[in-house]
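Comments concern the structure below.
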Amino acid sequence: MNDSKLVYDVVFSGFGASSCLLIHKFHKCQELLGKKILIIDPLQKNTNDKTFCFWAKPSESIIEDLNHLITHSWDKVTFDGVSANCILPLRYNHVTCEKLYESTRKILENYDVKFLNDTVIDLYETDRAIVKTLGGEYFAEKIFDSRIPKPSGSENQKQNIWQSFLGFKVILNEGFFDPNICTLMDFNVDQGNFTQFVYVLPFSTNEGLIEFTRFGKEVIEEDYAHDQLQQYITKKYGKYTIAAIERGKIPMSMDISSSKPTNSIVPIGSRANKVKPSTGYAFKNMYNHAQEITLKKGNSSRTTSPNSRFRFYDGLLIYILSVWPHLGKPIFERLFAIKSTRYILKFLEEKTKLHEDISMFSKLQLGIFLKALFFYTIDKFKPVAPVVIISIFYYLLSAIVPNQANTIMYGTIFSGMLVIGIPHGALDFKIGVLTKSKSISFPFLLKYIAIMSVVYLLWIVSPTISLISFIIYSSWHFGQTDAEEWKIQSSIVGFIWGILFFTALLSSHTTELNAILQALEIQFLPQVLTWKILFLASVAASFYLALRFKNFSLFVLSFLLGLSYFIPVVIAFSIYFVFHHSWKGWSHLRHSLGETNVSLFKSALPFNFGALILFAIFFLNAGETFTYNLAMIFIFISCISFPHILCMHLFYKKNQETKPHIPEN
């Protein structure tokens, strides 16, 4: 019988710590009885390749459940080689991955389990969950997904560094350890323009684990780390013998977004945001998540996002360690000098109060953190910088030269349309969705013009239906582009944002809108208070979305949307369209196609000229009013937009389907 046709009750995508801890909890609660289980991992997971540590009180459930796995624990901790601090009632505990794997395999002997050495490349749902591997497809009622998530690429590289390490399990020939004291960070080593320290876990008077660790953009070189460890151990403890070696790297990234749980697929481990970005600590978080899933009978809470306050702290520290890596050592040394070890552990566990954190930061190098906050904020603004700068430019014009402000702004917008607005829609032939050829061919032009003609005919038959249709498909397109940029994995949320944008913009400019409607031969909108209420409600709803998804760019756009009340509707729309939407769409195409701005612009030139000629011949009427020609521009844009929106929708859909997944390793 082909195993790939079996339907498993439970599939674990990965056999790392998060899966093992969840299996332990399921076993304790008898949740695996009678279940057919499949565990997929590309590695055998039978070696001691990792060390897990956590701190806890003896009364905590993690100690009760995992006490048999703890190889050693310490009640005294030292930082930077200074005197040890007692952390009782807490104890710092050590677990080897080898013991965790062995214990889990022993538990699984009681159940119907199949181990499969394969790589998971995708998970999806139809009537049931499906696991796609290099070797086949497997069906499941429930999947627990612990694959390492791929960075989204939406964050600045200043928000992504590595924690890399090389560790020796040593037997001392001369010196001795104090087995009651562990050293979490000793910075008395070469820094090499990084933040580097040594981690010491003594298991007896002459045996222990000593690791050399780096926080930095570059992964530590093994030869270099070997030399540093040799110098450190020889200087501090004398001669030694290496019994085993540990090596590894952990991403310290603010650029990894958690996957949303579904009815059949539950993310765990790093995929569920259980790894703290600034430290790499995850073991206790993963245990707590396993406990939560067990209490919910195999389901996971949808509120898996990390605490926003501590995520901000993590982002700020990672920014400092990335941009000014030499400052890591003095910051940590000051922290250890001013705060107790108990407080530091409490802070790392994200259990401190805001006033406690304010007190701590006020005693650290405040200037460094304020400097980092300033540049960190500037970097946060970069995704929306063009639209913000142009908006500020218009407000300055209105204050300095109010009579010429609109004229100058229309010139700016026209230039933007020529440089980015029209060109971003003139690259549809390179996407290869209307035709297989990625060049301007006759079949492509025929299909494109045919779609445009259908839209134009609809304007002739029913301008009202055409206008409503344009708003709907433009809302979808704007929302889809922004959702892609913000890594919001929901087309509905994007569509809602697009609808809110148009609703707020149009309901706040009914007088101007009516002038355009008159030119389009569409019924006027009545001037009632309801439109202002609708405007305020739309802006408020967009702010809610920004807060709900913790999205800074959406928050800024919502703020600008509120201010659009004071800007002419055409200018407000054009600022967003040209200097945000078009730029983001252009960036997505450039990244996907792997071309430069110059090469893309050259490719777009034929379509640019074609579009301008088409408008001049069939739409422009120099003998009519500005409002009439504005209405004609509106119709023209709606005609050329629909085939573009269709192409970009298929482009984004294709990209989503072909995005690679990184398996757990």
Side-chain angles (χ1 to χ4, degrees), residues 154 381-391 393-394 409-410 412-428 431 470-488 491 493-506 538-539 542 545-546 551-564 567-592 597 600-601 604 607-608 611 633-634 636-652 655:
S154 62
F381 263 106
K382 281 184 179 179
V384 289
V387 69
V388 170
I389 291 170
I390 295 299
S391 297
F393 176 62
Y394 177 73
M409 201 64 206
Y410 281 125
T412 304
I413 290 168
F414 181 73
S415 300
M417 285 291 291
L418 291 178
V419 174
I420 190 70
I422 296 175
H424 104 278
L427 296 168
D428 294 334
I431 298 173
F470 172 72
I471 291 173
I472 290 173
Y473 61 69
S474 295
S475 296
W476 175 269
H477 179 51
F478 287 2
Q480 186 179 39
T481 302
D482 281 336
E484 177 75 13
E485 175 69 19
W486 301 332
K487 309 304 173 185
I488 296 177
S491 56
V493 172
F495 181 55
I496 291 172
W497 155 242
I499 289 291
L500 291 173
F501 170 77
F502 274 99
T503 302
L505 196 64
L506 299 179
S538 299
V539 173
S542 66
L545 283 181
N551 191 290
F552 183 77
S553 293
L554 180 52
F555 184 86
V556 173
L557 289 177
S558 300
F559 181 74
L560 294 178
L561 187 59
L563 292 179
S564 69
I567 302 178
V569 65
V570 174
I571 291 178
F573 173 80
S574 299
I575 287 175
Y576 171 84
F577 173 74
V578 176
F579 300 103
H580 178 74
H581 168 75
S582 298
W583 175 247
K584 293 305 174 187
W586 177 276
S587 299
H588 297 162
L589 288 169
R590 184 188 63 206
H591 177 75
S592 179
N597 287 325
L600 284 182
F601 188 78
F607 245 65
N608 288 354
I633 292 173
F634 191 83
F636 175 69
I637 289 175
S638 73
C639 291
I640 64 173
S641 290
F642 189 71
H644 167 67
I645 289 170
L646 179 62
C647 289
M648 290 302 291
H649 171 70
L650 296 174
F651 165 74
Y652 286 131
N655 277 3

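- In terms of the side chain to side chain contact (heavy atoms under 4.5 Å, CB included) criterion, residue partners of L600 (sequence neighbours excluded) are, by chain and number, L427, K430, W586, R590, L593, E595.
- Using cut-offs of 30° and 60° for the angle between ring planes, the F478 and H581 rings count as tilted.
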Please test W486 against F552 for side-chain contact (heavy atoms from CB on, under 4.5 Å), starting from the C-alpha separation and ending with a verdict. CA-CA 9 Å; W486 301 332; F552 183 77; over 6 Å; no
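- Counting heavy atoms from C-beta on, the side chains of I471 and L506 come closer than 4.5 Å.
- Contact record, L561 with S542: CD2-OG, 4.3 Å, taken as the closest heavy-atom pair.
- By the side chain to side chain donor-acceptor pair (under 3.5 Å) test, W583 pairs with no residue at all, sequence neighbours left out.
- Here the side chains of F555 and N551 are not in contact, with every heavy-atom distance at 4.5 Å or above.
- Under the 6.0 Å cut-off for aromatic ring centres, F470 and F642 do not qualify, their centroids lying 6.0 Å or more apart.
- Looking at heavy atoms from C-beta onward, L589 lies in side-chain contact with F651 at the 4.5 angstrom threshold.
- Applying the salt bridge (charged side-chain N to carboxylate O under 4.0 Å, His left out) test to every pair with at least one member in residues 567-576, sequence neighbours left out, gives no pairs at all.
- For the side chain to side chain donor-acceptor pair (under 3.5 Å) test, residues two or more places apart in sequence or in another chain that qualify with S638 are W459.
- For the side chain to side chain donor-acceptor pair (under 3.5 Å) test, no residue two or more places apart in sequence or in another chain qualifies with Y473.
- Other residues, nucleotides and ligands place more than 12 heavy atoms under 6.0 Å from the OH atom of Y410.
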Full working for side-chain contact (heavy atoms from CB on, under 4.5 Å) between I431 and M648: CA-CA 8 Å; I431 298 173; M648 290 302 291; 3.6 Å; yes
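- Side-chain contact between S564 and F573 is absent, with no heavy-atom pair separated by less than 4.5 Å.
- Looking at I575 and M409, their side chains come closer than 4.5 Å, going by heavy atoms from C-beta outward.
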Donor-acceptor list for residues 415-425 side chains, cut-off 3.5 Å, not counting sequence neighbours:
unit_1 : atom_1 : unit_2 : atom_2 : d
S415   : OG     : G411   : O      : 3.0
H424   : ND1    : G421   : O      : 2.7
H424   : ND1    : S582   : OG     : 3.3
H424   : NE2    : H644   : NE2    : 3.3

After noting the C-alpha distance and the side-chain angles of S491 and W476, does the key distance pass the side-chain contact (heavy atoms from CB on, under 4.5 Å) rule? CA-CA 8 Å; S491 56; W476 175 269; 3.5 Å; yes
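- Less than 6.0 angstrom separates the ring centroid of Y652 from the ring centroid of H588.
- The side-chain hydrogen bond (donor to acceptor under 3.5 Å, both in side chains) test with D482 is passed by exactly one of K584, H580, H477: H580.
- The side-chain heavy atoms of F501 and L557, taken from C-beta on, include no pair separated by under 4.5 Å.
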